[in-house]
Amino acid sequence: MSDNKKMTIIATKGTFDWAFPPFIIASTGVAMDKEVTIFFTFYGLNLLLKDTSKLRVSPMGNPAMPMKLPMGPKWLQKIDFGPKIPNIFWSLPFTEHLATYLMKKTMKKNGVAKLDELRAMCQEFDVKFIACEMTVDLFGYSKDDFIDGVEFAGAATYFDECDGSNHNLYM
Amino acid sequence: MADETLDASGLNCPLPILKTKKALSKMDTGKILDVISTDAGSVKDIEAFCNQTGNKLISTVEDGGKYVFTIEKA
């Protein structure tokens, strides 16, 4: 057993795909007896919104993203359309909706937890959520836009949380 | 014979670990939990989880893509 009992994460990304890593690492951390704090700043604030249904994944400028169909015949599911579709296609309206729909479907098929479910588990396990006050103001959010149980504070508070922490991750 | 059984079949990382943690937290020390999983990644993960939390992994049994982990609550 280890004595390194604290972990902090800075969550900076607000797309649907990047919403997962902070919650996965945080919930696993508390399951493994760590005290975990996530500091959400800039686009990471999206992850704390009451309504996460508007989060999207964008294949635009994202050449690393594999694109396989979660349905249809087996041979078709094996094809990676990622490198085959010209990037300009993703500038068309609603293509982000399509990509997000397909990713959600693939996740469900693979038994990956839903975003809201993972977030709720983090809260149930007492992961501390801190929203960066400066970016809340900057983006014109109101505190009511966010789920309950969120603290609002700044970078100095983040450093206070880092005190004695051996895992400090930037995502 | 296990005191409790958790069926985490079909669930992917990190759900088997989270559900294991939840199940163990409701149990008394010394009680035995069987976790059933179909996630191959959970073989290493359950071992690491027990290593970090002090719970004892008594056995891991694989049977045709299905894993049964027997854990003693610390």
Side-chain angles (χ1 to χ4, degrees), chain A residues 1-7 9 11 16-36 38 47 66 68 70-71 77 102-129 165-167 169 171, chain B residues 2 4-58 60 62-74:
Chain A
M1 265 206 283
S2 135
D3 289 331
N4 307 329
K5 285 293 176 204
K6 274 179 91 175
M7 170 163 85
I9 297 168
F16 176 75
D17 46 348
W18 282 103
F20 283 82
F23 291 135
I24 290 173
I25 296 294
S27 56
T28 308
V30 274
M32 292 174 79
D33 296 340
K34 310 276 179 205
E35 251 178 70
V36 186
I38 314 178
L47 278 49
K68 295 180 182 172
M71 66 283 252
Q77 291 193 29
L102 290 173
M103 184 171 260
K104 284 185 180 172
K105 198 132 179 126
T106 307
M107 283 179 160
K108 195 172 173 193
K109 197 179 133 203
N110 281 278
V112 176
K114 281 189 179 153
L115 186 59
D116 287 357
E117 187 189 351
L118 262 182
R119 183 172 73 177
M121 268 184 154
C122 283
Q123 288 202 294
E124 193 186 327
F125 284 169
D126 292 327
V127 173
K128 195 189 270 190
F129 289 166
S165 165
N166 282 38
H167 314 267
L169 309 175
M171 293 186 183
Chain B
E4 303 277 345
T5 302
L6 168 70
D7 189 359
S9 301
L11 301 178
N12 216 324
C13 172
L15 288 175
I17 293 290
L18 303 186
K19 302 235 176 218
T20 300
K21 173 71 174 181
K22 264 173 114 168
L24 285 170
S25 66
K26 289 186 198 119
M27 292 166 59
D28 295 326
T29 303
K31 295 279 184 200
I32 306 291
L33 173 71
D34 270 356
V35 180
I36 303 165
S37 170
T38 49
D39 168 28
S42 59
V43 176
K44 283 263 179 206
D45 275 7
I46 292 278
E47 197 185 311
F49 167 80
C50 290
N51 205 14
Q52 288 288 313
T53 54
N55 295 294
K56 194 172 161 198
L57 180 58
I58 296 169
T60 301
E62 201 230 313
D63 179 23
K66 212 166 195 162
Y67 304 89
V68 181
F69 305 99
T70 304
I71 303 169
E72 184 186 320
K73 156 109 184 200

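Labels below follow one simple rule: chain letters A, B, ... track the order of the sequence lines, proteins then strands, and each chain is numbered from 1.
With chain A as partner, the option from B:S25, B:G10, B:C13 having the largest number of non-hydrogen pairs under 4.5 angstrom is B:G10. Residue with the most contacts toward chain B among A:A113, A:G111, A:S27: A:G111 (heavy-atom pairs, distance under 4.5 Å).
Contacts between A:F23 and chain B at a heavy-atom distance below 4.5 Å are absent for every atom of the residue. Within the 4.5 angstrom heavy-atom criterion, atoms from both the backbone and the side chain of B:L18 approach chain A.
Inter-residue side-chain proximity for A:L118 and B:P14 is flagged as met; some heavy-atom pair is nearer than 4.5 Å. The closest side-chain heavy-atom distance from A:M32 to B:N51 is not below 4.5 Å. Contact check for A:M121 versus B:L15: side-chain heavy atoms found under the 4.5 Å cut-off.
Smallest separation of non-hydrogen atoms from B:I17 and A:T28: CG2-CG2, 4.4 Å.
Taking CG of A:D33 as the reference point, atom CG of B:N55 lies at 8.0 Å (rounded to 0.5 Å).
More than 12 heavy-atom neighbours from other residues, nucleotides or ligands sit within 6.0 angstrom of NZ on A:K104.
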